[in-house]
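Okay, so here's the structure we're looking at.
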Amino acid sequence: MDRAIQDFSRYLKIERNASDHTLRNYLSDLAAFRAFLAEGQASEKRPAPILESIDHLTIRGYLAFLYRKRLSKTTVARKLASLRSFFQFLLREGRVTVNHAKRVASPKREKYLPGSLNVDQAIRLMSLPKGEERSALRDRAILETFYSTGIRLSELVALDIPDIDFEGGMVKVFGKGRKERIVPIGRKAIEAVKAYLTVRPLSAQGLFCNGRGGRLTGRSIDRIVKKYMKGVDRPSLTPHSLRHTFATHLLEGGADLRSVQELLGHASLSTTQRYTHLQVDHLMSVYDKAHPRGEAAAARNGSAGREEGDVLE
């Protein structure tokens with residue numbers, strides 16, 4: 001099985017052009033499955049199973065094992081998806097005759113969306129990096145770029161200076177699977193990036209760099225964002241929350257779902273549709289406040305009616 005995993009890793013990297021993050025997730029999931037098989041082999045004193053002998057019952061047993069460990073449905077679903085991709089690769093290579101992982105139903109995932117900021121909080125967040133020091137200018141540019149473009153953390157990490165068209169107000173982004181897309185970037189973000197470039201070391205790697213000139217890692221940017229999130233009383237929010245904030249504010253402002261899908265780089269519209277429940281909440285709030293039959297209006301009318309009744313009595 002080790003040889004098969006190595007070949008699958010090579011396939012992901014070369015043919016699928018998978019990112020390092022995606023590759024680590026796949027290999028971690030497969031290592032966990034391999035450990036599960038090895039544990040069962042040791043406890044039952046039986047030889048290690050060959051790939052062809054792993055069937056849907058084996059995989060169901062693995063999912064049951066994961067549930068006993070109290071892993072979330074989302075995590076279990078991801079691990080099953082990794083197995084499906086792995087066995088599909090083996091099927092294509094002729095090493096197995098059936099992709100048994102496809103015969104196992106995915107758990108129904110919890111509906112989860114990261115938290116988001118309202119407009120006032122987002123504007124306040126942008127103003128938190130104070131001063132003209134290099135780190136403050138860099139952090140302000142990072143926050144503005146996230147909020148203006150809605151790009152992923154990995155996409156922001158990979159940005160280089162030539163990726164930004166300062167005159168045209170566009171950014172070239174390489175998303176999942178190194179798929180290229182062009183997204184707009186607003187005037188405030190461009191101003192913040194230009195200000196940062198005046199103090200950024202000329203020999204630095206990447207657009208956003210650390211004090212030594214090396215490209216900032218995703219972990220470093222995550223720490224930077226969380227530091228400023230404390231300033232708007234949302235310490236649990238992450239860079240992905242800014243992506244969510246971007247999408248939510250676009251939808252609340254009247255953007256159509258298909259356009260938001262393109263901006264976010266979602267392969268499927270169903271992925272973008274997860275954001276619409278907040279748009280519905282916003283519309284219901286507006287309705288309740290403004291419509292004569294809305295809850296807020298009804299409460300006002302009821303109060304007025306009681307006061308009028310008191311006068312009549």
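Remember, predicted model here, so these are calculated numbers, not experimental data. Sequential numbering from 1 along the given sequence is applied to the chain's residues. Every heavy atom of this structure was used, including side-chain atoms; hydrogens, water molecules and symmetry mates were not.
Defined by atom type and a distance below 3.5 Å, a donor-acceptor pair is missing between the side-chain atoms of Arg3 and Gln6. Counted by atom type alone, Asp55 and Thr58 present one or more donor-acceptor pairs between their side chains at under 3.5 Å. In summary, the side chains of Arg243 and Thr149 do not present any donor paired with an acceptor at a separation below 3.5 Å, with no hydrogens or angles considered. A donor-acceptor contact closer than 3.5 angstrom links the side chains of Ser259 and Asp256.
The shortest side-chain heavy-atom distance between Arg140 and Leu137 falls under the 4.5 Å cut-off.
In this structure, Phe8 CZ and Gln88 CD are separated by 10.0 Å, a value rounded to the nearest 0.5 Å. Considering NZ of Lys179 and CZ of Phe174, their distance stands at 14.0 Å, rounded to 0.5 Å. Within the model, atoms CD1 of Ile5 and OH of Tyr26 stand 13.5 Å from one another, a figure rounded to the nearest 0.5 Å. In this structure, CD1 on Ile190 lies 11.0 Å from CD on Glu144, to the nearest 0.5 angstrom. Atom CG of Leu23 and atom CG of Leu12 lie 6.0 Å apart (nearest 0.5 Å). Rounded to the nearest 0.5 angstrom, Lys79 NZ and Ile59 CD1 are separated by 14.0 Å.
Taking all atoms of both residues into account, the shortest heavy-atom contact from Val232 to Arg124 is CA-NH2, 3.6 Å. The two residues Val157 and Thr217 have their closest heavy-atom pair at CG2-C, 4.0 Å.
Relative orientation of the Phe87 and Phe33 rings is perpendicular, given thresholds of 30° and 60° on the angle between their planes.
Residues Leu37 and Tyr62 are members of one and the same hydrophobic cluster, defined by side-chain heavy-atom contacts under 4.5 angstrom among Ile, Leu, Val, Met, Phe, Trp and Tyr.
In the displayed structure, Glu133 atom CD is contacted under 6.0 Å by at most 12 heavy atoms of other residues, nucleotides or ligands.
At least one donor-acceptor pair under 3.5 Å links the side chain of Arg84 to the backbone N or O of Ala101. Of the possible polar contacts, none joining the Arg181 side chain to the Val173 backbone as a donor-acceptor pair under 3.5 Å is found. A distance-only check finds no donor-acceptor pair linking the side chain of Thr75 to the backbone of Leu71 [under 3.5 Å]. At least one donor-acceptor pair closer than 3.5 Å links the side chain of Thr245 to the backbone N or O of Ser241.
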Practice task
Apply side-chain contact (heavy atoms from CB on, under 4.5 Å) to the pair Arg200 and Ile161, showing each step before the final yes or no.
Solution key: CA-CA 11 Å; Arg200 172 186 172 276; Ile161 295 175; 3.2 Å; yes

Practice task
Let me see the working for Phe246 and Tyr147 under ring pair (Phe, Tyr, Trp, His ring centres under 6.0 Å), right down to the final yes or no.
Solution key: CA-CA 6 Å; Phe246 164 85; Tyr147 182 50; 7.6 Å; no

